Amino acid sequence: MSANPTHVNLLSRLNRIPVTRTVVGIIILLSFVWLAEAFDIGIVGPVLSTLEKDWALSNWQQGLLAVSSTLGVVVGMIPSGLLADRFGRRRVVLLGILFFSVLTLAGALMPNFWSLLFIRFLAGVGEGAVLPMPYLFLSEFVRSGQRAVSVGFSNGILTAAYVVPNLASLWALDTFPASFAWRVPFILGGVPLLLLIPLFLWLPESPRYLLKQNREVEVLRLVERLEDEAKLPHDAKLSDERTRVLLAQSEEEERLPLRTMVAQPFLNRGLMMAMQLTAALILFYILQVFGPKLLESRGTGNGAALLYSGLMMVVAGFGSVAQGFLSDKLGRKTILAVYVVLASTGCLLFAFGSSTAVVFLAGGLTAFFGLGIFPVAKLCVAEQYPTQLRGRGVYLNEMTARTLSGVVTTYFIPFLLQTYGNRPIFFGVAVVLILFNLPFFFFGRETAKVQMEEAGTKLSFGRLDRETFTQQVSSR
């Protein structure tokens, strides 16, 4: 079995490069992408609490408006994974931001429930194209020992940024009449259009995607720039044996048809990833969309509920950064298990606690460990597939998880709240978090400190048996 020697050389050199100035710049740019996305997605919760009164929305109308953009996200993900694999990650990011920012801005002009519902669905289509892209980008750009921490920083900014719509809504409510105040966040939703300029100028394409397109000259320029920043030599003869056999195996697998994604082992991997991601997103959507309403049901005023639910997102940002750092050091499965257990504890305290101190403790645990769970929850998805299938695999898992969590579950939350209150909801989330993660804990692979070509191969491997794995690949 042979691999393209130029590709082997470039990947061997890329895999040894630490985080440099350029990589930090890419992380910052992708963090701004998620910041824009967070603001756009986060508009619904604060706006919903205002429109419920101003437009006298029924429960079914609240449910539809709550899931409208998420339904658009799911629809937008259907072609986006294919487009990302065929035309590049960078183009999808640029076009997606342009699409959802223009439509969010138009949302401020909507005169009634049905028009707002439609425009939020269309904006969600653009959000769906962009949402998985930063961690897909970083998984292919950053070397194995620092993938999770880079995603953790970016996702921390994403999660903390969900406080911005809450603060914008608070300011608008204090400054304008309620009939106009709900429109202000939508007007601010057009600001991300300015982000297109630095992204177009400074965001490079994924080097692993470029190699799949045989665009070696572009990758060489990028690798040499990173080597210069890291003060490493331009070693045109470097050929890591492990990288060679992994790349050869990866190239062999990627010649298989698309139905490979629903064959073993990718089918089982995808199911496990979809389950654990669904559990995390159920908690996220409940707190992000209905957080203010849930807190109001506990006797908190509207303004205080908006502020407290926003602060939970800030706490979650710190949880994301910590998880990324720890999972690179101690492993994905270990840290994910810790976060799941403590997030479930927070949900149970929300369900059965009554004192102010217990509610605050529940909020802290749920925010830091529950909303901060996504660096590993999402990165593990990208680590299941070879490069040629990675875009489609990531989008398929995101689409499945967000349909179950952000559409189906979120739609029924207003009815459940009215009928049963919030305690059974939090108890149910705690149970789902545990049960939906058990398959990954028992049968999932540990992908920390593993090259992306190895993480995505269809062969099994063990952390303690690297030599045997390499021999197994070489013999095929």
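Note that the coordinates shown come from a computational prediction; the quantities given were computed from them, not determined experimentally.
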**Message:** Walk me through whether L29 and W202 qualify under side chain to side chain contact (heavy atoms under 4.5 Å, CB included).
**Reply:** CA-CA 8 Å; L29 284 173; W202 299 315; 3.9 Å; yes

**Asked** Does some side-chain heavy atom of W60 sit less than 4.5 Å from a side-chain heavy atom of F415?
**Response** yes

**Prompt:** Out of curiosity, S154 OG to F32 CZ, how far, rounded to the nearest 0.5 Å?
**Reply:** 11.0 Å

**Asked** Is the shortest heavy-atom distance from the side chain of L361 to the side chain of L349 under 4.5 Å?
**Response** yes

**Asked** Do K333 and E446 meet the salt-bridge criterion of a basic N to acidic O distance under 4.0 Å?
**Response** no

**Request:** Would you mind reporting whether I425 and Y420 have side-chain heavy atoms less than 4.5 Å apart?
**Result:** no

**Message:** Does any part of the side chain of M273, heavy atoms only, come nearer than 4.5 Å to the side chain of T400, both counted from C-beta?
**Reply:** no

**Complete:** From the list R390, K212, R147, R208, salt bridge (charged side-chain N to carboxylate O under 4.0 Å, His left out) with E140 holds only for R390

**Prompt:** Do you know the tightest heavy-atom contact between R332 and L379?
**Reply:** NH2-CD2, 3.7 Å

**Fill in**
Value for CG (L281) from CZ (F436), rounded to nearest 0.5 Å, stands at 12.0 Å

**Asked** If every non-hydrogen atom of L117 is compared with every non-hydrogen atom of S68, which pair is closest and at what distance?
**Response** CD1-CB, 3.5 Å

**Distance in Å, R269 CZ paired with R445 CZ, rounded so as to fall on 0.5 Å steps** = 3.5 Å

**Item:** Side-chain touch L336/S327, heavy atoms, less than 4.5 angstrom
**Value:** no

**Prompt:** Any salt bridge between E127 and R120, counting N to O under 4.0 Å?
**Reply:** yes

**Fill in**
For Y209 and A84, the nearest pair of non-hydrogen atoms, with its separation, is CE1-O, 3.9 Å

**Request:** For residues C380 and F440, determine if any side-chain heavy atom of one lies less than 4.5 Å from a side-chain heavy atom of the other.
**Result:** yes

**Request:** Determine, stepwise, if the pair F441 / V340 fulfils side chain to side chain contact (heavy atoms under 4.5 Å, CB included).
**Result:** CA-CA 11 Å; F441 294 154; V340 166; 4.0 Å; yes

**Request:** Going by the side chain to side chain contact (heavy atoms under 4.5 Å, CB included) test, name the single residue among V92, V33, L30, V394 that passes it with M133.
**Result:** V92

**Request:** Drop me the distance from M399's CE to L404's CG, to the nearest 0.5 angstrom.
**Result:** 10.5 Å

**Prompt:** More than 12 foreign heavy atoms under 6.0 Å from CZ of F118: is that the case here?
**Reply:** no

**Message:** So P204 and F137, do their side chains get closer than 4.5 Å, heavy atoms only?
**Reply:** no

**Euclidean distance, L71 CG relative to R402 CZ, rounded to 0.5 Å** = 13.0 Å

**Request:** Check the angle between the aromatic planes of F180 and F176 and answer parallel, tilted or perpendicular using the 30° and 60° thresholds.
**Result:** perpendicular

**Item:** Salt bridge flag under 4.0 Å for residues R215 and E218
**Value:** yes

**Message:** So that I can tick it off, tell me whether R91 and E205 are bridged by a salt bridge, with the cut-off set at under 4.0 angstrom between side-chain N and carboxylate O.
**Reply:** no

**Request:** Could you tell me the separation between the OH atom of Y385 and the OG atom of S139, rounded to the nearest 0.5 Å?
**Result:** 12.5 Å

**Heavy-atom check, side chain of P207 versus side chain of L14, under 4.5 Å** = yes

**Message:** To check you understand the geometry: which heavy-atom pair defines the closest contact between K449 and D328, and what is its length?
**Reply:** CE-O, 3.0 Å

**Asked** More than 12 non-hydrogen atoms from neighbouring residues, nucleotides or ligands closer than 6.0 Å to CZ on F153, yes or no?
**Response** no

**Minimum heavy-atom distance L116-G107, with the two atoms named** = CD1-O, 3.9 Å

**Asked** Do Q418 and N59 meet the criterion of a side-chain donor-acceptor pair at a distance under 3.5 Å?
**Response** yes

**Message:** For V67 versus V407, what's the shortest heavy-atom pair and its separation?
**Reply:** CG1-O, 3.3 Å

